[in-house]
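First comes the structure, then the notes that go with it.
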Amino acid sequence: MASENFNVIKPDKGVPIKAWTRGVPLEPEAEQQLRNVAQLPFIYKHVAVMPDVHWGIGATVGSVIPTLGAIIPAAVGVDIGCGMMAVQTDLNARDLPENLKEMRRNIEQAVPHGRTHNGGPRDKGAWNNIPTRQRNVWERLRGVYEGLLERHPKLQGRSVNHVNHLGTLGGGNHFIEVCLDESDTVWFMLHSGSRGVGNRIGTYFIDLAKQDMRRWHINVPDKDLAYFPEGADHFDDYVEAVEWAQDFAMTNRDLMMQAVIKAVSLTKGLRKFKAEVKSVNCHHNYVARENHFGKNILVTRKGAVRARKNDLGIIPGSMGAQSFIVRGLENENSFHSCSHGAGRVMSRKAAKRKFSLDDHVKATENVECRKDLEVIDETPGAYKSILDVMNAQKDLVEIVHTLRQVVCVKG
DNA sequence: ATGTAC
């Protein structure tokens with residue numbers, strides 16, 4: 001057998017931690033969090049750590065947490081179902097106009113992006129303006145959500161935003177890109193999640209789990225590792241809600257991708273093209289029922305992508321760096337997983353302190369993207385080297401396509 | 001990441 005490509009940390013208490021972090025940094029704060037997770041009594045076999053690992057709330061981003069008979073809502077987090085979608089077109093770089101400003105503007109106009117678009121308290125009643133496709137999607141989704149509301153009336157909150165948020169990008173590190181692969185073939189790629197409604201589901205159930213820990217006098221190493229044991233009051237409802245939010249997120253990405261394809265096709269002088277020659281849509285913040293080492297368990301991937309044999313995944317680099325379309329190698333020790341990106345090396349605050357606008361302009365010189373002070377926290381230098389990260393997970397995935405951005409729309 | 005309160 002080939003030598004293993006991961007380091008093993010054996011905590012005093014709990015299961016081992018298998019870390020694909022050779023040649024990449026693992027912060028002490030992140031390692032402590034991994035030790036906290038490892039000592040929970042329901043972790044199955046071991047915790048797997050991806051090379052983009054960094055500190056997160058409760059559980060580290062870039063970790064895979066297999067559980068048997070319990071679920072940790074804060075491990076999934078609040079951006080439930082966050083993930084990536086990419087489609088390969090039959091366009092080539094030479095089909096694109098010299099100046100990509102119009103294409104970028106078309107995309108920006110077609111997909112609401114940023115914090116306060118669609119669904120804020122100000123645009124209640126936007127129902128009438130919702131395109132048929134979105135409305136049809138909501139008709140499919142609403143049943144389960146309304147069932148949840150009957151049991152959890154407080155889930156709704158005061159604002160109605162779920163349906164209005166379908167087809168919207170959101171903010172933070174959510175983005176849309178036009179990319180070229182190694183043969184100069186054009187791809188569209190986007191990163192988004194379940195928006196306001198998934199956030200609400202996440203925070204609501206995280207809070208319930210914390211209350212349950214107090215109610216039953218269960219001690220957890222970190223309050224954000226509060227969990228629902230299987231069979232307890234809220235376990236089934238959380239599983240139903242989280243799966244629903246994941247469905248919302250995946251559908252949201254699909255709706256936006258359709259809008260991007262249409263928007264790009266409006267670009268002046270661009271020839272007719274076929275999109276979705278290849279299509280990938282994968283979560284990297286989610287929980288799924290899976291079978292590992294012969295047992296049916298729950299696998300929580302917090303900043304990790306499923307990488308079974310023949311699964312295609314997307315590993316984006318930072319702005320201005322390469323991104324990868326990958327194929328899984330079904331490595332059982334990783335619970336069939338790989339990293340979800342490059343991973344931050346510093347907080348958003350630290351990045352804004354460290355980098356100037358000039359640094360950012362230099363780092364993104366070949367990309368048609370925002371170059372203002374607001375996006376400094378997303379500048380390439382705030383992230384690990386994507387090449388080091390890819391190198392550390394050669395036994396988890398193989399690279400199918402290497403992409404570089406030519407247009408980037410930030411949320 | 002997000003909605004809301006400040």
Side-chain angles (χ1 to χ4, degrees), chain A residues 52 54-63 72-85 111-126 145 149 152-176 190-208 224 241-242 244-253 255-256 282-287 300-304 316 318-319 340-344 346-352 370 374-378 382-383 408-411:
Chain A
D52 57 346
H54 62 93
W55 183 92
I57 294 170
T60 48
V61 178
S63 63
I72 311 164
V76 180
V78 294
D79 197 357
I80 299 170
C82 184
M84 301 284 311
M85 182 166 183
V111 183
H113 53 283
R115 274 295 298 278
T116 53
H117 279 280
N118 279 24
R122 256 167 276 157
D123 39 24
K124 263 186 208 173
Y145 182 70
L149 281 190
H152 300 272
K154 287 186 181 157
L155 199 49
Q156 177 68 63
R158 223 169 284 185
S159 71
V160 182
N161 50 30
H162 33 61
V163 64
N164 298 335
H165 270 168
L166 274 170
T168 70
L169 186 68
N173 57 7
H174 290 170
F175 63 81
I176 303 171
L190 60 87
H191 175 216
S192 184
S194 53
R195 308 291 284 104
V197 70
N199 187 293
R200 178 72 192 134
I201 287 171
T203 46
Y204 175 83
F205 280 100
I206 288 168
D207 198 48
L208 274 187
D224 286 311
V242 81
W244 181 86
Q246 287 165 191
D247 187 5
F248 184 104
M250 186 158 283
T251 310
N252 187 32
R253 287 192 290 272
L255 280 168
M256 280 185 280
C282 59
H283 298 311
H284 53 222
N285 248 8
Y286 74 114
V287 59
T300 299
R301 295 192 178 86
K302 186 185 181 82
S318 56
M319 291 169 98
H340 82 310
R344 301 196 76 86
M346 64 186 80
S347 69
R348 291 179 184 278
K349 254 192 192 159
K352 290 206 170 182
R370 276 175 64 180
E374 299 284 292
V375 296
I376 297 287
D377 52 352
E378 288 289 321
Y383 287 85
C408 177
V409 173
K410 278 268 171 208

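Every chain is numbered from 1, with letters handed out A, B, ... down the list of sequences. From a predicted model like this one, the values you see are computed outputs, not experimental measurements.
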Whole-Å distance separating the [atom1] atom of [X] from the [atom2] atom of [N]:
X	N	atom1	atom2	result
A/Glu378	B/dA1	CD	P	7 Å
A/Leu166	B/dT2	CG	P	14 Å
A/Asn164	B/dT2	CG	P	15 Å
A/Ile206	B/dA1	CD1	C1'	11 Å
A/Arg200	B/dT4	CZ	C1'	11 Å
A/Ile57	B/dT2	CD1	P	14 Å
A/His113	B/dT2	NE2	P	13 Å
A/Met84	B/dA1	CE	P	13 Å

Do any side-chain nitrogens or oxygens of A/Arg348 fall under 4.0 Å of OP1 or OP2 in B/dA1?
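Checking A/Arg348 against B/dA1: at least one side-chain N or O falls below 4.0 Å of OP1 or OP2.
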Under 4.0 Å between a side-chain N/O of A/Arg195 and OP1 or OP2 of B/dT2, yes or no?
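For B/dT2, OP1 or OP2 has a side-chain N or O of A/Arg195 closer than 4.0 Å.
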Proximity of A/Phe205 and A/His152 rings by center, below 6.0 Å:
yes
Measuring from atom CD1 of A/Ile80 to atom CD of A/Gln246, what distance do you get when rounded to the nearest 0.5 angstrom?
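Taking CD1 in A/Ile80 and CD in A/Gln246, the distance rounds to 7.0 Å.
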Taking only residues two or more places apart in sequence or in another chain, which ones pass side chain to side chain donor-acceptor pair (under 3.5 Å) with A/Tyr383?
A/Arg344, A/Glu378
In terms of the angle between their ring planes, are A/His191 and A/His174 parallel, tilted or perpendicular, with boundaries placed at 30° and 60°?
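Rings of A/His191 and A/His174: perpendicular, as their planes differ by over 60°.
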